[in-house]
Amino acid sequence: MAIDRQRRATALIVAACFFMENLDGTIVTTAATAIGDSLGVTPAAIGLVITSYLVTLAVFVPASGWLARRFGGRRIFLIAIALFTIASLGCALSTGLEMLVVMRIIQGIGGALMVPVGRTIVVSKADKKDLISLVAYITWPALIAPVIAPLLGAIITSVASWHWLFLINIPVSYKHLTLPT
């Protein structure tokens with residue numbers, strides 16, 4: 001029997017979140033010079049922008065399970081997407097290195113909660129026979145993100161500005177906030 005439509009749709013929503021989380025972890029690297037020039041700092045200083053996001057992801061992932069159990073998975077998942085979206089907008093609107101680093105930390109918190117809680121929602125009520133397919137739906141798009149991120153980041157900063165590295169998250173995130181999980 002095929003995976004039901006609702007469960008597949010939820011898995012694809014989580015996959016898109018996982019894709020965005022991984023994309024944002026690496027897309028900034030190719031734009032370090034452009035961001036540094038725009039903010040009046042060296043490209044090396046942009047390492048803080050990259051590192052703050054990745055460290056925040058690592059630090060807050062363990063809290064995701066506790067928060068989901070305490071406040072409900074769906075609620076935490078939606079809050080995480082909202083945090084990620086608002087922080088993405090904040091990153092795009094940043095006028096200084098400090099603001100960009102703070103927004104990346106908030107974005108990292110959203111990402112750290114978004115993916116593990118989303119995965120739990122997907123697999124928690126799945127039939128055993130559907131688990132491999134559901135996990136594949138979630139995982140494969142995320143594996144592509146770090147591969148295409150440098151090229152995508154270079155293209156975006158060549159034809160637009162570095163701000164669009166973060167603005168591309170907003171329509172995808174907003175779409176997920178409007179869908180039931």
Side-chain angles (χ1 to χ4, degrees), residues 13-14 16-68 70-71 75-119 141-178:
I13 290 169
V14 174
C17 291
F18 202 6
F19 177 84
M20 286 187 314
E21 178 193 288
N22 282 346
L23 186 75
D24 278 44
T26 52
I27 198 167
V28 174
T29 56
T30 55
T33 302
I35 296 170
D37 289 347
S38 175
L39 299 179
V41 299
T42 65
I46 301 305
L48 287 171
V49 175
I50 299 163
T51 305
S52 62
Y53 177 76
L54 296 173
V55 169
T56 304
L57 282 173
V59 168
F60 281 91
V61 163
S64 65
W66 179 83
L67 288 168
R70 176 82 170 91
F71 300 104
R75 176 179 291 145
I76 295 301
F77 183 61
L78 293 174
I79 289 170
I81 293 172
L83 264 177
F84 190 87
T85 305
I86 292 165
S88 293
L89 179 61
C91 288
L93 297 175
S94 292
T95 56
L97 180 63
E98 298 82 11
M99 182 178 177
L100 184 55
V101 169
V102 168
M103 290 296 111
R104 286 288 278 181
I105 290 170
I106 295 169
Q107 190 184 40
I109 293 169
L113 300 177
M114 190 166 60
V115 174
V117 173
R119 278 187 278 191
L143 295 175
I144 296 167
V147 175
I148 67 167
L151 176 62
L152 184 61
I155 291 169
I156 290 170
T157 53
S158 295
V159 298
S161 72
W162 65 267
H163 304 89
W164 284 96
L165 300 174
F166 304 105
L167 291 173
I168 61 174
N169 293 329
I170 295 177
V172 176
S173 298
Y174 177 76
K175 177 81 172 158
H176 295 146
L177 286 171
T178 60

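Worth saying up front: this structure is predicted, and the values here are computed from it rather than measured.
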If you measure from CG on Leu143 to CZ on Phe18, what distance do you get to the nearest 0.5 Å? 7.0 Å

To the nearest 0.5 Å, how far apart are CG in Leu97 and CG in Leu48?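 The CG atom of Leu48 is 6.0 Å from CG of Leu97, to the nearest 0.5 Å.
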
Locate the shortest heavy-atom distance separating Pro146 from Ala142; write the atom from each residue and the value.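 Taking Pro146 first and Ala142 second, the nearest heavy atoms are CD-O, 3.2 Å.
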
Locate the shortest heavy-atom distance separating Met99 from Gly90; write the atom from each residue and the value.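 Nearest pair, atom of Met99 first, then Gly90: CE-O, 4.0 Å.
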
Residues pairing under side-chain hydrogen bond (donor to acceptor under 3.5 Å, both in side chains) where one sits in residues 44-67, two or more places apart or in two chains, turn out to be none

Using atom types as modelled, flag every donor-acceptor pair under 3.5 Å from a side chain in residues 110-118 to any protein atom, sequence neighbours excluded.
none

Using side chain to side chain contact (heavy atoms under 4.5 Å, CB included) as the criterion, list what pairs up with [X], not counting sequence neighbours.
X: Pro150; answer: Thr30
X: Leu54; answer: Ile50, Leu57
X: Ile86; answer: none
X: Leu89; answer: Leu93, Leu167, Ile170

Would you indicate whether the side-chain heavy atoms of Phe71 and Ile79 approach each other to under 4.5 Å? no

Student check: side-chain heavy atoms of Ile27 and Phe166 closer than 4.5 Å: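 No - every pair of side-chain heavy atoms lies 4.5 Å or more apart.
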
With Ser161, which residues qualify under side-chain hydrogen bond (donor to acceptor under 3.5 Å, both in side chains), at least two apart? His163

According to side-chain hydrogen bond (donor to acceptor under 3.5 Å, both in side chains), who are the partners of Gln107, at least two apart in sequence or on a separate chain? Asp24, Ser88, Arg104

Stepwise side chain to side chain contact (heavy atoms under 4.5 Å, CB included) check, Phe77 with Val14: CA-CA 9 Å; Phe77 183 61; Val14 174; 3.9 Å; yes

Which atom pairs, one a donor and one an acceptor, fall under 3.5 Å between side chains of residues 34-46 and the rest of the protein, sequence neighbours left out?
residue: Ser38; atom: OG; partner: Trp162; partner atom: NE1; Å: 3.1
residue: Thr42; atom: OG1; partner: Ala45; partner atom: N; Å: 3.2

Before you tell me yes or no, could you show the steps for Leu67 and Phe60 under side chain to side chain contact (heavy atoms under 4.5 Å, CB included), namely the whole-Å CA-CA distance, both residues' side-chain angles and the distance that decides it to 0.1 Å? CA-CA 10 Å; Leu67 288 168; Phe60 281 91; over 6 Å; no

